[in-house]
S.K.: 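Take this structure first; my questions come after.
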Amino acid sequence: MRAVDVIVKKRDGGILTDEEIRFIVDGYVDGSIPDYQMSAFLMAVYFRGMNFEESSVLTRAMIDSGDTYDLSSLKGPLVDKHSTGGVGDKVSLILAPIAASCGIKVPMMSGRGLGHTGGTLDKLESIPGYTTRLTDAEFIKGLDEVGYCMIGQSERVVPADRKMYALRDVTGTVESIPLITASILSKKFAEGAQALVFDVKCGSGAFMKTIEDAKELAGSLVKTGNELGKRVIAVISDMNNPLGRMVGNFLEVKEAIDCLKGNGPEDLMSLTVRLTGWMLVAGGITPDIEKAEALCREKIVNGAALEKLKENVRYQHGNVEVIANPELGPKAKVLKKISSDKSGFVSKIDAYKVGLASVVLGAGRAKKEDNVLPGVGIELKKKVGERVAEGETLFILHGDDESSIEEARDLVLSAYSFTEGKVPGKGIILKEIVS
Ligand code: URA
C-alpha cells in the first residue's frame, strides 16, 4: 500500500477501508509516513469528511497506537464526562464526587487551560498540595477506594493524537468533525471508560459557536461511540455566558465546594446535576434521568458528595483543611470592586471576553509553557437576568498587579450588555442526544 494512493482516494471523495486508515495512522506514528503526506491526508479528510464507520476505525487505530488502562479489576460501572471547554466550567470538580458517591467509578483524565478556556488540572492544582501526577497503580487504587481520580493525560496514551493534533494545529485542519471526534473519543476510551457523557458547549465562549456546529459534533460523538460499541450521551449546553459566578482557578474550587454544600448558582447546578444524572443512567445505576437527578441531589443534601471530594483531595495529597475552610486557600494580592454606570437588567455577559480577562489576570495561559496564578480571577456579582442599579457592584477582580486589573476591567465591562426589561432566560441545556 502507498500513502499517496490513500490520500488520492480520500481527496476524490472515496470511502477508506480499515486497512487504509490503519496504514496511515500506524505509518505516521512509526515515522514511515512523513508530515507532508499526513498533512495532505488530514486536509483531504477536512474537505471530504468521513462516515461514522471510517471515524470509528480512525478512533480505534488511534487508541491502538499507545497504551490503554486495564480497569477490568474494578467493581462498578466506569463512566466519564468530557466537556469541549468553556469559561467558568468547573462541572468536573462537582460532578465526579457526586457520581462516585452514587457508585460510579470515574477515571478522569483532564487537560490544562489554553486560550480563553480554563483547565480542570489547573483548578485542582490550586488546592495546596494536590497532585494530578499519579502512577498507574495509584490511579487504579484511587478509583477502587475513593471512586474517582483526576489525572493528566499520560504520554503513553494515544501518541497518534499528540502527533496528529500538533500537525493539525499548524495545517488548518483542527476544525474537522471526524478528526475532532476521533481525537476526543480515542483519549477517553483509552483511559478505560465504558460509557461517556459529553458536554458539548455552544456559544461565544466555546469552540463550537453555533448550534448547528454543536449538533453536528454531538451527533458524531454519539454515533461514532456507538459504532465502537459504547454508550455515549451528549448534552449541548449554552456557553454564551460564563458558567456560575466564578472564573479563575481557586475561585472555581470555592464555588464547586459551595455547590456541594447545596449553595451553587442555578445554571451551574442544573447543568451539573443533569450531566451527572446521565452518567448514572449510562452506568445503569438508575433507570431514568428523573430518578438519577433526584439521587444526585440527595447526595448533595446528605453531605455524601462533599465527603467524597474530601476523600479525593486527601488521596491526591491536597490539604483537606482548605476544603473545610476555603478561606485558607490561595488569594490574589488585590481585590477591586467594579460598579455599574448603568441601571437595568443584565442581558448578556460575553463568555469569550471574560475568559480573555481571566488570562490577562494570570488565571489562564497565553502559551502552553506559561504558569497560572492560583488565586486570581473574576467574581461576577451580577449574572444574566439580574437587576442592577447604577453604582452597584457588577463584578470583583482578584488580581496580583494593577496593570492586569486595569486591562481585565475594560474587558469584563465590555462583556456586559443591559436591557431595560428582564429578558426571559433560554435555560442552560439546549439539546440532548441520548443513545
Ligand atoms: N479537543 C481535542 O481533544 N481534540 C480536538 O481535535 C479538538 C478539541
Side-chain angles (χ1 to χ4, degrees), residues 21 24-25 28-29 38-39 41-47 49-50 52 54-63 65-66 68 80-87 89 91-92 107-122 150-191 193 196-203 205-210 213-225 228 230 232 234-237 239 352 355 364-365 368:
I21 294 171
I24 292 286
V25 173
Y28 188 53
V29 174
M38 191 58 168
S39 305
F41 174 79
L42 293 169
M43 192 57 87
V45 173
Y46 177 92
F47 280 114
M50 276 184 158
F52 298 122
E54 289 175 291
S55 332
S56 77
V57 174
L58 178 61
T59 307
R60 174 62 57 205
M62 288 170 69
I63 294 173
S65 71
T68 52
D80 194 7
K81 185 254 353 172
H82 178 82
S83 154
T84 57
V87 177
D89 182 3
V91 168
S92 294
M108 199 173 266
M109 280 184 205
S110 305
R112 299 197 177 273
L114 191 61
H116 67 284
T117 65
T120 301
L121 293 186
D122 297 326
M150 318 276 266
I151 57 170
Q153 206 199 332
S154 145
E155 293 282 308
R156 293 173 286 116
V157 172
V158 201
D161 182 62
R162 229 182 326 281
K163 237 185 137 179
M164 284 166 67
Y165 195 88
L167 193 62
R168 285 167 58 205
D169 212 15
V170 292
T171 55
T173 51
V174 167
E175 297 86 354
S176 151
I177 298 280
L179 296 178
I180 297 173
T181 300
S183 165
I184 295 176
L185 288 182
S186 60
K187 286 176 283 195
K188 288 281 138 183
F189 288 132
E191 81 187 28
L196 286 173
V197 175
F198 281 98
D199 180 9
V200 177
K201 304 254 179 227
C202 169
F207 195 43
M208 296 287 139
K209 305 287 179 208
T210 67
D213 287 349
K215 276 189 200 161
E216 200 186 337
L217 177 58
S220 169
L221 289 166
V222 171
K223 292 210 183 87
T224 308
L228 289 158
K230 308 281 187 179
V232 179
V235 171
I236 300 177
S237 70
M239 191 23 80
Y352 179 67
R365 288 185 176 74
K368 240 183 177 149

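Whatever order the structure lists them in is the order used to number ligands and atoms, beginning at 1. From a predicted model like this one, the values you see are computed outputs, not experimental measurements.
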S.K.: List in chain and number order the residues that pass side-chain hydrogen bond (donor to acceptor under 3.5 Å, both in side chains) with E191, two or more places apart in sequence or in another chain; answer none if no residue qualifies.
M.R.: none

S.K.: Does the D89 side chain pair with the main chain of V91, one donor and one acceptor, at a distance under 3.5 Å?
M.R.: yes

S.K.: Among protein heavy atoms, which lies nearest atom 4 (N) of ligand 1, and at what distance?
M.R.: S183 OG, 2.6 Å

S.K.: Specify the protein heavy atom at minimum distance from atom 1 (N) of ligand 1: its residue, its atom name, and the distance to 0.1 Å.
M.R.: I184 CG1, 4.0 Å

S.K.: Using a distance-only test with no angle check, is there a side-chain donor-acceptor pair under 3.5 angstrom linking S83 and K201?
M.R.: no

S.K.: Only heavy atoms count here, so choose which of K188, R168, M164 is nearest to atom 6 (O) of ligand 1.
M.R.: R168

S.K.: Give the residue, atom name and distance (to 0.1 Å) of the protein heavy atom nearest atom 8 (C) of ligand 1.
M.R.: F207 CE2, 4.0 Å

S.K.: Can any side-chain N or O of Q153 pair as donor or acceptor with the backbone N or O of V157 at less than 3.5 Å?
M.R.: yes

S.K.: Could you tell me whether K187 and D161 make a salt bridge, using a distance below 4.0 angstrom between a side-chain N and a carboxylate O?
M.R.: yes

S.K.: Identify, for atom 3 (O) of ligand 1, the protein heavy atom at the shortest distance, and state residue, atom and that distance.
M.R.: K187 NZ, 2.5 Å

